[in-house]
Amino acid sequence: MRGKLVVGNWKMNGGLAANAALLSELATGWKPAAGRELAVCAPYPYLPQVQGALAGTPIAWGAQDVSEHDAGAFTGEVSARMLAEFGCRYAIVGHSERRQYFGDTDAIVAAKAGSALATGITPIACVGETLAEREGRVTEAVVLRQLDAVLAAVGSGATRLVIAYEPVWAIGTGRTASPAEAQAVHATLRARLAKAGAVDVPLLYGGSVKADNAAALFAMADIDGGLIGGASLKAAEFLAIARA
Ligand code: 13P
């Protein structure tokens with residue numbers, strides 16, 4: 001059976017004091033349950049702090065990106081091997097903000113996923129359409145193009161991926177895809193993963209997930225959890241989402 005997974009994406013938020021309070025509330029408040037996992041993806045400099053606070057708890061952690069390169073003259077980049085040294089289980093790749101503001105193409109995202117997998121880190125590969133693409137009725141084509149790039153790069157590693165569907169128009173806007181809209185895209189992604197021999201890959205939904213809409217989204221057949229932005233910065237709200 002597929003497990004349930006809820007991941008917090010702090011984005012470029014946090015600070016030593018605020019992180020310490022948040023992490024301690026999460027560590028105290030999260031009761032582990034079979035088949036359910038909670039994780040947080042923090043900015044790079046805070047990974048040692050996150051590791052210190054969460055090591056020995058059932059909560060996992062990860063980064064919000066990773067370099068496609070192994071080592072060398074790549075100023076500003078952070079390799080998968082470095083993330084592994086700080087106990088990261090996950091690395092988000094292909095978040096729409098990276099695609100939109102930092103030029104991450106399908107090919108770069110695919111290479112990043114491959115480099116994470118090669119180091120034993122699970123990539124959380126994000127796909128999602130813009131509002132213009134949804135209105136142009138090309139949602140399926142866009143998300144499948146993005147997914148196919150990753151699948152082609154990782155080959156048999158596909159079974160070790162996590163995929164997150166994040167419609168760009170729902171990120172940080174307060175506008176969530178309805179459970180039925182999200183499920184329709186997840187079913188499309190699931191069918192493509194099945195063809196790649198990876199039907200049981202966790203498929204997360206992201207985009208304005210809050211405590212009051214999480215249960216309805218997570219009840220859908222092909223939604224295995226969430227990738228949570230703003231609401232992951234508040235311990236009580238994030239825990240409520242995780243319990244949903
Ligand atoms: P919000 O939950 O703030 O809409 O962000 C979603 C997201 O981008 C998670 O990666």
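Positions are given from 1, in the same order as the sequence printed here. When a ligand or atom number is given, it counts from 1 through the structure's own listing order.
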Quiz item: Any non-hydrogen atom of A231 lying under 4.0 Å from ligand 1?
Solution: no
Quiz item: Among side-chain atoms of H69 and E77, is any donor-acceptor pair under 3.5 angstrom?
Solution: no
Quiz item: Between G230 and ligand 1, is there a nitrogen or oxygen pair with a distance under 3.5 Å?
Solution: yes
Quiz prompt | Residues in ring-ring contact (aromatic ring centres under 6.0 Å, His included) contact with Y165, at least two apart in sequence or another chain | solution = H186
Quiz item: Any sub-3.5 Å donor-acceptor pair from R2's side-chain atoms to D200's backbone N or O?
Solution: no
Practice problem: Could you tell me whether the side chain of S67 and the main chain of S79 form a donor-acceptor pair under 3.5 Å? | Solution: no
Quiz item: What are the atoms of ligand 1, with element, lying closer than 4.0 Å to any heavy atom of A170?
Solution: 4 (O)
Quiz item: Is ligand 1 less than 4.0 angstrom away from at least one heavy atom of G174?
Solution: no
Quiz item: Can you tell me if T119 uses its side chain to pair, donor with acceptor, with the backbone of S115 under 3.5 Å?
Solution: yes
Practice problem: Report yes if some N/O of N9 lies less than 3.5 Å from some N/O of ligand 1; otherwise report no. | Solution: yes
Quiz item: Using a heavy-atom cut-off of under 4.0 Å, does the side chain or the backbone of S96 touch ligand 1, or both, or neither?
Solution: neither
Quiz item: Among protein heavy atoms, which sits nearest to atom 9 (C) of ligand 1, and what does the distance come to when rounded to 0.1 Å?
Solution: E166 OE2, 2.8 Å
Quiz item: G207 heavy atoms, cut-off 4.0 Å: which ligand 1 atoms fall inside?
Solution: 4 (O), 6 (C)
Quiz item: What is the nearest protein non-hydrogen atom to atom 5 (O) of ligand 1, stated with its residue, atom name and distance?
Solution: K11 NZ, 3.3 Å
Practice problem: Around atom 2 (O) of ligand 1, find the nearest protein heavy atom and jot down its residue, atom name and distance. | Solution: G229 N, 2.9 Å
Quiz item: Could R81 and D70 be called an ion pair, given the rule that one side-chain N must be under 4.0 Å from one carboxylate O?
Solution: no
Quiz prompt | Pair listing, salt bridge (charged side-chain N to carboxylate O under 4.0 Å, His left out) test, anchored in residues 4-33, at least two apart | solution = K11-E97
Quiz item: Below 4.5 Å, heavy atoms only, C-beta onward: do I163 and L193 meet side chain to side chain?
Solution: yes
Exercise. Could you list the atoms of ligand 1 found under 4.0 angstrom from a heavy atom of H95?
Key: 7 (C), 8 (O), 9 (C), 10 (O)
Exercise. Would you check the N or O atoms of L227, main chain and side chain alike, for any that come under 3.5 Å of an N or O of ligand 1?
Key: no
